[in-house]
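Ligands are counted one by one from 1 in listed order, and the atoms in each one are counted from 1 as well.
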Amino acid sequence: MSKLTYPDYSNICGWNAMLPPRAPRPAFDGDINVDFAVIGAGYTGLAVARRLRELRPDARIAVVEATTVGEGSSARNSGFTGTDVLPRNITVEMSEKARLQSKLFSEAFQWLTDIIRENNIQCDMQQVGAIRGAATERGEASVRSVLEVAKKLGVTHQELSRSDIAERIGTDYYRFGLYLSDTWLLQPAALIRGLADALPSDVELYENTPVERIQHQGDWILSTRSGQIRAKNIALANNGFIRRFGYLNTKMTTIYTYAAVTESVPEADRALLGQDQSWGLLPSHRLGTTLRRIGSDRLMVRSLYAHEKELTQTYVEAELRNRFERRWPGLRHVQFEYVWGGTTALTMNGAPWWGKLEDGLYASGGCNGSGIAKGTMLGRHLAELMCGFGDHSVLEQVMGQASFIAPEPFRSIGFRVISALESRKAGREI
Ligand SMILES: Cc1cc2nc3c(=O)[nH]c(=O)nc-3n(C[C@H](O)[C@H](O)[C@H](O)COP(=O)(O)OP(=O)(O)OC[C@H]3O[C@@H](n4cnc5c(N)ncnc54)[C@H](O)[C@@H]3O)c2cc1C
């Protein structure tokens with residue numbers, strides 16, 4: 001395992017590269033005292049900082065980001081978001097919990113969309129909905145289980161046959177699908193850049209500033225390459241990398257997952273992208289492949305997982321192409337323009353770790369694969385907890401807390417065994 005306290009990717013983020021260049025905020029240099037320091041400028045960290053400013057207008061707040069905004073995982077994701085009313089593995093017995101969870105998400109999601117609207121953040125956010133696609137019999141059973149909950153909760157939905165899906169997205173790879181309208185698709189790099197730029201001007205943001213160490217000496221001291229930040233309170237919003245400061249090592253692990261975006265599909269082949277101008281497909285198995293049409297002319301494929309360290313670029317590209325070509329054999333001649341990876345934090349039971357670690361030290365991490373809404377929700381609540389404000393009992397009850405995860409070497413062995421077994425189960429969903 002690398003000793004770095006932050007993710008240092010071997011490739012650039014495709015979503016960021018598709019946008020015009022952005023000048024990052026200056027790196028930190030000097031010594032300062034603040035009331036609140038937030039480590040990480042992803043969805044979680046920016047939500048913490050914004051909410052802290054709302055609650056404590058006079059406090060000095062600094063956000064410290066290891067890389068540049070637009071190159072972290074908050075920009076590297078697939079851009080699916082919403083109120084997460086129907087997670088993949090839901091059953092009818094879990095529908096009351098899902099309803100409560102969705103209420104929590106809705107509040108944060110509304111807050112996020114208000115910020116986007118008020119600050120005119122241009123991130124192509126549209127309520128396009130998403131297809132839960134099943135390529136296998138087992139996958140179909142899983143999607144049908146979600147369908148039952150959708151019916152029970154009165155969520156607007158549509159069942160899709162193989163030919164319905166083919167008509168919409170141009171591939172007959174999937175045997176069954178469930179269209180749910182409660183998903184928004186967006187350009188994640190544009191969103192996270194917009195959220196950073198929309199921070200109140202008196203919230204200090206330092207980019208290209210990895211925090212190398214934190215120590216408790218009365219206040220908390222954050223050591224960076226060019227100086228120290230002395231903070232009364234810290235929020236660790238650096239997801240799987242919280243562990244690199246010596247906390248939550250038995251609660252979460254870092255997972256890499258990968259995405260590719262094609263070059264512009266030639267005009268003559270556009271009919272092969274389906275008749276829907278904008279669409280997204282989520283897999284029925286957790287190791288499955290996510291698909292998205294971007295703009296009128298590109299496709300995105302997200303798949304593959306690695307534990308703790310990056311896979312080689314050659315391997316990633318070959319595997320993603322295999323998934324792409326199996327679905328769209330008629331587009332074999334279309335190249336990938338961008339291929340990249342990103343990290344997320346995995347917990348054993350799927351629950352995040354959220355709360356107070358020590359006096360003045362708080363953390364939120366492990367939001368797994370749906371951090372846009374979940375990170376925003378957890379970050380907002382974390383800021384409230386740090387200010388002694390609000391009631392978080394519903395959050396604690398509904399989200400739960402990350403359970404124990406075995407230390408190394410058992411963790412890596414476990415990951416290898418489980419992913420081999422799950423890959424076999426997933427079959428063509430991958
Ligand atoms: C390929 C991919 C596809 C995904 N698809 C989706 C999707 O469609 N929808 C969705 O909601 N989620 C998706 N996710 C998950 C989502 O990106 C994460 O859940 C989300 O980024 C978590 O937000 P966060 O702010 O908690 O953490 P991060 O986004 O990881 O932000 C943490 C920040 O902390 C910084 N940092 C780390 N260590 C340090 C340090 N020592 N000092 C200073 N800064 C540090 C990092 O550089 C990073 O910018 C996907 C993830 C990947 C990788």
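For ligand 1 and R76, the ligand atoms under 4.0 Å from any heavy atom of the residue are 1 (C), 2 (C). Those atoms of ligand 1 with a heavy atom of Y43 less than 4.0 angstrom away are 25 (O). Atom numbering of ligand 1 starts at 1 in the shown order; those under 4.0 Å from a heavy atom of G42 are 25 (O), 31 (O).
At the shortest separation from atom 24 (P) of ligand 1 among protein heavy atoms lies T44 OG1, 3.4 Å. Of all protein heavy atoms, the one lying nearest to atom 20 (C) of ligand 1 is G371 CA, 3.9 Å. Looking at atom 52 (C) of ligand 1, its nearest protein heavy atom turns out to be T257 CG2, 3.6 Å. The single protein non-hydrogen atom nearest to atom 30 (O) of ligand 1 is S73 CB, 3.5 Å, given as residue, atom name and distance. Here the heavy atom of the protein found nearest to atom 14 (N) of ligand 1 is N77 CB, 3.3 Å.
With 3.5 Å as the limit, one finds a donor-acceptor pair spanning the side chains of T254 and R243. Side-chain atoms of E212 and S223 form no donor-acceptor pair, as typed in the model, at a separation below 3.5 Å.
Distance alone, capped at 3.5 Å, places no donor-acceptor pair between the R292 side chain and the G280 backbone. For T183 (side chain) and G82 (main-chain N/O), no donor-acceptor pair under 3.5 Å exists by modelled atom type. Panel note: side chain S145, backbone V143; no donor-acceptor pair is recorded below 3.5 Å. The main-chain N or O of L273 is found under 3.5 Å from a side-chain atom of W279 such that the two form a donor-acceptor pair.
Remark: S303 pairs with T289, L320, R323, I430 by the side chain to side chain contact (heavy atoms under 4.5 Å, CB included) rule, at least two apart or across chains. For N119, the side chain to side chain contact (heavy atoms under 4.5 Å, CB included) test picks out R50, I115, I121, A198, with sequence neighbours left out.
With a 4.0 Å heavy-atom cut-off, ligand 1 is reached by the side chain of N239 but not by its N, CA, C or O. Residue contacts with ligand 1, taken as heavy atom pairs separated by less than 4.0 Å, involve F245 solely via side-chain atoms from C-beta onward. Counting heavy atoms closer than 4.0 Å to ligand 1, residue T81 contributes nothing at all. Contact annotation: for P7 versus ligand 1, heavy atoms closer than 4.0 Å belong to the side chain alone. Residue contacts with ligand 1 for R302 involve side-chain atoms from C-beta outward but no N, CA, C or O (heavy atoms, distance under 4.0 Å). No part of L46 comes within 4.0 Å of ligand 1, judged by heavy-atom distances.
Of the listed residues (G341, A66, A259), the one carrying the non-hydrogen atom nearest atom 43 (C) of ligand 1 is A66. In the candidate list G375, S74, S370, S74 is nearest to atom 21 (O) of ligand 1, counting heavy atoms. With atom 40 (C) of ligand 1 as the reference point, the heavy atom nearest to it among T183, T343, V211 is part of V211.
Among the atoms of G79, some N or O lies under 3.5 angstrom from an N or O of ligand 1. Considering backbone and side-chain N/O atoms, T67 never comes within less than 3.5 Å of an N/O atom of ligand 1. Residue F241 has no N or O atom closer than 3.5 Å to an N or O atom of ligand 1. Considering backbone and side-chain atoms together, S78 places an N or O closer than 3.5 Å to an N or O of ligand 1.
Of all heavy-atom pairs spanning A231 and I234, the tightest one is CB-CG1, 4.4 Å.
Ring planes of F415 and H307: parallel class, angle under 30° (limits at 30 and 60°). Under the 30°/60° scheme for interplanar angles, the aromatic rings of F324 and W328 are found to be tilted.
Assignment of G342 to the shell around ligand 1 is supported, since a heavy atom sits closer than 4.0 Å. Residue contact annotation: T209 has a non-hydrogen atom under 4.0 Å from ligand 1.
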Starting from the C-alpha separation in whole Å, work towards a yes-or-no answer on salt bridge (charged side-chain N to carboxylate O under 4.0 Å, His left out) for E204 and R25.
CA-CA 9 Å; E204 296 159 51; R25 306 269 187 101; over 6 Å; no

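Taking the six-membered ring for Trp and the full ring otherwise, the centers of W353 and Y247 sit at least 6.0 Å from each other.
Taking 4.0 Å as the cut-off between side-chain N and carboxylate O, E140 and R428 do not count as a salt-bridged pair.
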